Structures are given as C-alpha cells and as structure tokens.
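Here's the structure, in structure tokens; my notes come after.
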Amino acid sequence: MELRIFSSPSSAADAFFQVRHHIYWWKKKYHKFGSNVNNRFLKKNVKLEKAYSSQKGRGSVYCLNDPENNPCGPSETQLLNAKVIYSVAPAMGHNKESHPECNSRVPAIVNALEKMELTSKYRSSEMIELQSFRSASVDDIASVHERAYVSGLEKAMAQASEQGLIFIDGSGPTYATATTFQESILAAGAGISLVDSVVLASKVRQDPPVGFALVRPPGHHAIPKGPMGFCVFGNVAIAARYAQRVHGLKRVFIIDFDVHHGNGTNDAFYDDPDIFFLSTHQDGSYPGTGKINQIGHGDGEGTTLNLPLPGGSGDRAMRIVFDEVIVPSARRFKPDIILVSAGYDAHVLDPLANLQFTTGTYYMLASSIKELAKDLCRGRCVFFLEGGYNLSSLSHSVADSFRAFLGEPSLAAEFDDPAFLYEEPSDKVKEAIQKVQHIHSL
C-alpha cells in the first residue's frame, strides 16, 4: 500500500480539532493538575533533551542479531539479581508542539523515576537500563507491516525534512518529522532487545526481570498497511513475531489495557491461533473498533478477546476483569511469553478518554501481570509504553508500575485524589463481563 501523506494539516483538521477540544475541556475542569503540571515537566525536560542528545551511543549501537552472543545486552551476572530491565527511546526529534503525543512524554517518566530513585543509577543491583540496543531491521518491521509501507515511510523522510512536518494519517492525526523513520525503528528495536534480555534471564533463573520499553512513537494502532492514531510501527506486534521467530516462543499472550482499542495489533493477529490478543478499552472510544463479538477469524477464532468497558469504569471494574477474564484466558492459552501494551490514558486525569483508572489501578495491573507471567511462562514478560497524555498521571503511574515489579509498596495514595472519582457503572460492567465470558466460554 502506498503511504498517503497529508502535506497540509487541513486534511487532518477535523480529527485534530477533536483532540484539542478534549484537552481544552480537561484543562478547564482539572486546572489544578493540568497546564501547571505540564509546564513544570516541560521545563525539566529541556535538560533531559540535552542529556539525551549529548549521550553518544544511547540506543544507537547496532548489535548483532544474535541474542545468545549480544555484546550490547546485559551479562548473565547482571541478570542474576535484576528485578527490572528497561530501555529508553524518547524520539526527541519526532515532535509536534501542542500535539498530545509529543516528545515530553518519555522524559517526564524518566524525570519521575530519577526523582523517586527508581533507576539503575540508584538501584544498580535491582534495575538495568539497556543503554545500547540495535534498531529493528526492515525484516523485523516487515514481519508485521507491508514492505511498501515501510519503504514509503522511509522515502517520505525527505519531504518531512523539507517541510519540517507532514501528516501521514488523518484519523489521529499521525504526523512525521525528518527523524520519524529512524526513531520508530529504534523504538521497535528497544522492545525486541528487551525480549532478548528477558529470555536470556529466564534461562539462568526462575524469576527473570520484567522488561519495560519506555519508547515512542506508540504502536498499537498502526495497522499492517500503514500508520494510524499517533502510531507508526506496531512495537508489541513486532516483538511478538520476533519472540516466535528468534526464540521459538510459539505462544504469545498480549494484554492491551490502553483506553483505546489496539486495532493494529488486533488486525495483525486476527487469524493467528498462536497469538492471543486481549484488549480492554473504553466502549465507543477511538478508533471505534474492538467490538465484543470480534473474536478472531479462521484458525484464529477465539484467540482475540475484546472487552469494551462502559465510560466511568475504574479500579473496581478492572480488578474484576483481571480475575474473571484475563487470568482464565491466559491460563487456558498457556503462553510462552506475555507482552503488554501498557497505555496509561485510562487514568481518570487523562484528557483523551473517560475511564477512572488510578495510579493504584496500574500498580495492581503491573503486580498481577508479573505474577501471572511467573505462574505461566517462567516470568517472561515485557511491557511497552502506549498512550498516556497527562504527564503527571502518566509518570506517577509508570513509576508505581516499577515499584510493583520491585515488590515494593505502592505510593498511589500520595498521587490519587478520590475527589475526582465518581460511582462506577457496576451493572453495565457486570453485563459486559458476563457477555464476554459467555462468548469465550470462560
């Protein structure tokens, strides 16, 4: 498929107006936690941007595609005690001012982790940061995406360089700058490098570290034929194929708790019986896919589970969903590895949707998924950053996820304000769960 480029933002104006409208409404309603928080983080992020650009070699070393003899990966000695292994690919050049998916997102997370002493700098024995990793190859990307799209995006970089910024998808809208192609394959590479490390660790110990790819652009909306919804390449989908192809991990279980349906991942594996895709998302939200009766096709029938949650669903709903839907689905599937599309935009303070997750909800999910992986697949589990557009709730929630991986108590009570929560639609949630249980015989 030929890449369609919107050289003028007017082609994407309607969609972008909706995004701006949501942000305006949110800032007006939650001014206390809105622009002031974002501005504070943005000032701090200037220093981080300089740090990233000055650190030669961070995320730029091309390693041999041989996970057993990878000079850029951690040693077995390092992996023996680590509880968390993470990679950082902030895509500082892929940026559009005032766009929710901007280059301040990953630095805000890193800033919070540093402040809370949750990085390898402070926890050298428990945490490993992969500071050098290879970019994904064209073959890696083409295991999910059409080669015509991959080559078309690479060629479009010349136009992006001339114009400064182009739109490559109108529904998000999804933009590209001169660095988008290189930074997108680096983000995918950061993810598959974590798969290498986690798999290696699982061979030398029973409880390997959990991986977390702090990367952007996000990926779960990107369809095989092209970009969509802020997403360029399907990072989780690419990692899933890589785990199968390189490590022989045939059965991959993907959990997507982003507030929006991961339509790209859904489409990539819709007829594949060896990859189970499970998505919880807000009913009726972008992109309008992920209906409860979409369960896979052909040989893959039954290995796609979509659970649209009614607006207002929150912590109580997600705890029930995990126990009554996610756990039995995973146990029945018997995965070799669990991959997670970790979107933090279901948070009650996020501007782009209307669920009521809290920092505590994300702690619960991280802790529970870690234990599920330990029970089912020797602890092999890698998280991938997807959405999350309130820099404060995003960074605090990711930090609490790290605490869950470390086995430390949650600090959610310091960040979550019950005043923003309202009664969950329990009856509708119960109805949705019962329906999906019936469809999938859970």
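Every value quoted in this text rests on a predicted model; they were computed, and no experiment measured them.
- A distance of 6.0 Å or more separates the ring centres of Tyr286 and His261.
- At distances below 3.5 Å, at least one donor-acceptor pair connects side-chain atoms of Asn95 with backbone N or O atoms of Asn103.
- Taking the six-membered ring for Trp, Phe257 and His281 have ring centres at least 6.0 Å apart.
- Two residues are said to be in side-chain contact when any heavy atoms from C-beta on lie closer than 4.5 Å; Tyr149 and Lys225 fail this criterion.
- For an aromatic pair to be called close, the ring centres must be under 6.0 Å apart, and His396 with Tyr362 fails this.
- Within the 6.0 Å centre-distance limit, the rings of His145 and Phe233 are counted as a close aromatic pair.
- When all heavy atoms are compared, the tightest approach of Ala82 to Ile128 is CB-CD1, 3.6 Å.
- Ring centers of Phe212 and Tyr86: at least 6.0 Å apart, outside the cut-off.
- For Phe269 and Phe277, the ring centers sit 6.0 Å or farther from each other.
- When Asn235, Asp256, Thr265 are each tested for a side-chain hydrogen bond (donor to acceptor under 3.5 Å, both in side chains) with His220, only one passes: Asp256.
- Phe384 and Gly191 get closest at one heavy-atom pair: CE2-CA, 3.5 Å.
- At least one test fails for Arg251 against the ring of Phe276: distance under 6.0 Å to the centre or angle within 45° of the axis.
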